[in-house]
Novice: 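Before anything else, here's the structure in question.
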Amino acid sequence: MSGSRKVHIKSFGCQMNVYDSHRMADTLAPEGFDETAAIEGADLVILNTCHIREKAADKVYSELGRLRVLKDEAASEGRRVLVAVAGCVAQAEGKEIIHRAKGVDLVVGPQSYHRLPDLIARAELGETVIDTEFPAEDKFDVLKAPSRQAIRARGVTAFVTVQEGCDKFCTFCVVPYTRGAESSRPVAGIIAEVERLADAGVREVTLIGQNVNAYHGEGPDGRPWTLGRLLHRLAEVPGIARLRYTTSHPGDMEESLIAAHRDLPALMPFLHLPVQSGSDRMLAAMNRRHTRADYLAIIARVRDARPDIAFTSDFIVGFPGEAEDDFRATLSLVDEVGYASAFTFKYSARPGTPAAELAEQVPDEVKSERLQRLQGAVDRHYAAFRASCVGRTFEVLFERAGRHPGQVVGRSPYLLPVQVAAPASMIGEIAAVKITGVGPNSLFGALANERVRAGPVPADAGG
Ligand code: 5AD
Ligand code: SF4
């Protein structure tokens with residue numbers, strides 16, 4: 001259905017927000033809202049926000065300042081623009097947002113997105129609406145599925161949320177408060193969603209959740225399924241050639257998941273397994289529930305199951321009480337694991353989390369200096385990893401046209417984009433590519449002759 005109103009959704013933060021933004025757009029489409037990439041001219045602007053670090057949350061307020069100007073300009077032309085704040089800042093700050101920023105019509109937490117049509121209707125009538133509840137009903141039962149057209153517009157790779165929230169309570173982290181207790185979607189709904197994506201041409205699915213490997217959704221047999229079992233089942237969906245999952249906690253790398261890395265060719269040899277620190281003293285203070293040795297033992301088991309696997313991680317420097325020796329333990333862990341890449345963060349005190357109350361906060365200059373040293377180590381490994389790809393032949397999933405004519409950008413098993421001279425008609429196909437060179441954040445490759453697993457292209461593909 002083509003709508004008469006336009007919605008612009010801006011996502012901050014993690015992949016789950018990207019997924020949620022899609023689902024919000026899908027839910028608003030039958031209400032007559034067309035999604036637009038341009039903020040100017042939108043009747044409804046939704047900021048899907050992130051609260052993980054202070055910087056991320058601050059971005060929202062500067063964006064709201066800009067939106068207020070846009071809203072006033074539109075009002076002077078007799079046009080009404082509704083502004084909604086969604087995501088984790090909405091959940092964490094609720095009505096404070098209305099006090100801090102003028103011009104916000106709606107604040108909606110992540111568990112209430114299925115109620116958006118009703119909430120927007122109320123805001124349109126002039127009410128300032130706040131919904132940050134954790135409702136009893138399952139939003140996934142109510143959220144609308146994407147149209148075939150929307151799936152196609154989003155490309156041949158897709159995210160699917162299988163789990164939300166977290167019960168781990170790492171002492172630095174807001175997730176258990178903003179996204180709530182760990183909860184897993186039932187298997188049947190996930191299979192249906194993946195089948196629908198595959199049917200519209202999606203070839204690669206990344207299962208997402210804040211603690212995705214804690215997955216224990218109800219299976220068709222009425223019993224809880226592990227993530228490993230779910231992956232086995234999804235690998236059987238016709239058209240799905242590749243599976244990934246993120247983000248995982250080391251403590252939840254259960255046996256069936258490690259076995260999936262050994263037994264499932266569709267499961268890509270790539271694992272983001274955040275460790276946060278290499279120091280046992282810091283890991284304990286962070287309430288990570290694992291030691292450095294536990295973590296290394298898990299890495300070894302996964303490597304044993306899938307020798308060509310690449311690991312990435314998240315690290316926090318300057319957690320309260322972190323001494324130079326603790327930090328050096330993190331540096332040595334980076335070398336010991338040999339990560340393909342990693343995200344590095346300065347510790348950011350988050351209101352309401354236990355670590356924010358700790359006395360020994362690390363000065364910002366020290367955090368900056370450690371961040372730089374850690375980033376240097378990670379960069380070295382990242383460069384070495386890219387260099388190690390040269391000369392190898394990878395199966396590449398062709399995703400989109402490249403910057404130059406005749407070039408297509410694909411995705412290697414290790415997520416790194418690969419730029420290849422190939423016809424655009426290959427988008428959606430998987431083909432063997434020999435890696436010939438490296439760029440700062442990508443690889444260059446040439447089509448090897450043999451085409452592998454060039455899957456069925458749906459009848460209305462292309463265009
Ligand atoms: N400060 C800095 N980094 C944080 N992360 C989570 N909370 C904080 C915080 N308070 C990082 C962790 C996590 C990633 C998503 O964000 O490394 O794995
Ligand atoms: Fe946050 Fe991840 Fe720890 Fe859960 S496991 S509290 S999401 S850092």
Side-chain angles (χ1 to χ4, degrees), residues 11-18 49-59 87-89 91-92 110 161-184 208-216 227 245-254 271-279 282-290 294-295 298 311-322 326-327 330 333-334 337 339 341-358 360-364 366-368 370-371 374-375 378:
S11 278
F12 300 83
C14 67
Q15 290 153 336
M16 187 168 296
N17 272 7
V18 175
T49 63
C50 173
H51 201 244
I52 196 97
R53 283 169 294 274
E54 197 177 352
K55 248 195 205 159
D58 285 349
K59 266 191 210 156
C88 293
V89 175
Q91 189 63 44
T161 293
V162 300
Q163 174 286 332
E164 273 186 275
C166 183
D167 294 338
K168 291 284 188 285
F169 290 94
C170 298
T171 53
F172 52 81
C173 186
V174 287
V175 165
Y177 313 97
T178 56
R179 291 279 175 166
E182 200 286 315
S183 98
S184 296
I208 57 175
Q210 275 90 22
N211 183 12
V212 72
N213 59 340
Y215 180 82
H216 61 277
L227 188 66
Y245 61 94
T246 199
T247 290
S248 298
H249 187 280
D252 292 318
M253 287 305 299
E254 39 86 20
L271 178 56
H272 183 60
L273 195 61
V275 65
Q276 315 298 354
S277 171
S279 152
M282 289 299 106
L283 290 171
M286 289 174 169
N287 189 34
R288 288 290 293 176
R289 306 162 192 235
H290 63 79
D294 295 334
Y295 180 83
I298 294 157
F311 293 97
T312 61
S313 181
D314 294 339
F315 292 97
I316 295 177
V317 299
F319 183 82
E322 185 188 67
D326 297 308
F327 174 66
T330 297
L333 185 70
V334 169
V337 174
Y339 291 104
S341 176
F343 296 104
T344 59
F345 306 105
K346 279 198 240 182
Y347 170 70
S348 164
R350 306 309 291 128
T353 59
E357 309 297 322
L358 294 174
E360 290 177 89
Q361 299 290 328
V362 174
D364 193 57
V366 177
K367 287 186 200 169
S368 297
R370 288 180 187 163
L371 186 73
L374 179 59
Q375 194 55 53
V378 167

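We count ligands from 1, going down the list as the structure has it; atoms in each ligand are counted the same way.
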Novice: Under 4.0 Å, heavy-atom basis, I'd like to know which part of Gln276 is in contact with ligand 1: side chain, backbone, both or neither.
Specialist: side chain
Novice: Supply the atom-to-atom distance Gln210 CD to Cys173 SG, rounded to the nearest 0.5 angstrom.
Specialist: 8.5 Å
Novice: Could you list the residues that satisfy salt bridge (charged side-chain N to carboxylate O under 4.0 Å, His left out) with Asp364, not counting sequence neighbours?
Specialist: Lys346
Novice: Using the test side chain to side chain contact (heavy atoms under 4.5 Å, CB included), find all partners of Arg350 that sit at least two apart in sequence or belong to another chain.
Specialist: His51, Glu54, Ala57, Val174, Ser348, Thr353
Novice: Within the structure, does Phe172 bring an N/O atom to less than 3.5 angstrom of an N/O atom in ligand 1?
Specialist: yes
Novice: Within the side chain of Thr344, is there an N or O that forms a donor-acceptor pair under 3.5 Å with the backbone of Leu374?
Specialist: no
Novice: Looking at ligand 2, is there an atom of it that comes within less than 4.0 Å of some heavy atom belonging to Arg179?
Specialist: no
Novice: Numbering the atoms of ligand 1 from 1, which are under 4.0 Å from a heavy atom of Arg350?
Specialist: 10 (N)
Novice: Would Ser348 count as a polar contact of ligand 1, with the cut-off being nitrogen or oxygen pairs under 3.5 Å?
Specialist: yes
Novice: Residues in side chain to side chain contact (heavy atoms under 4.5 Å, CB included) with Pro354, at least two apart?
Specialist: Thr171, Tyr177
Novice: So does Lys168 have more than 12 non-hydrogen atoms from other groups sitting under 6.0 Å from NZ?
Specialist: yes
Novice: Report the member of His272, Arg53, Gln210, Lys346 with the shortest heavy-atom distance to atom 5 (N) of ligand 1.
Specialist: Arg53
Novice: Suppose we call two aromatic rings close when their centres sit under 6.0 Å apart. Are Tyr295 and Phe311 close by that rule?
Specialist: no
Novice: Taking 4.0 angstrom as the limit and counting only heavy atoms of Phe172, give me the atoms of ligand 2 inside it, by number and element.
Specialist: 8 (S)
Novice: Is it true that a side-chain atom of Thr330 and a backbone atom of Gly278 form a donor plus acceptor pair closer than 3.5 Å?
Specialist: yes
Novice: Short of 2.8 Å from atom 4 (Fe) of ligand 2, name each protein N/O/S atom, waters not counted.
Specialist: Cys166 SG
Novice: Could you identify the single nearest non-hydrogen protein atom to atom 14 (C) of ligand 1 and state the distance to 0.1 Å?
Specialist: Asp314 OD2, 3.4 Å
Novice: Looking at Asn213, is its backbone amide N or carbonyl O close enough to the side chain of Asp252 to form a donor-acceptor pair, meaning the two atoms are under 3.5 Å apart?
Specialist: no
Novice: Which residue and atom name correspond to the protein heavy atom nearest atom 6 (C) of ligand 1, and how close is it?
Specialist: Ile52 CG1, 3.4 Å
Novice: In Å, rounded to the nearest 0.5 Å, how long is the span from CG of Asn211 to CD of Gln163?
Specialist: 5.5 Å
Novice: Got a second to check how far Ser341's OG is from His272's NE2, nearest 0.5 Å?
Specialist: 9.0 Å
Novice: Under 4.0 Å, heavy-atom basis, I'd like to know which part of Phe345 is in contact with ligand 1: side chain, backbone, both or neither.
Specialist: side chain
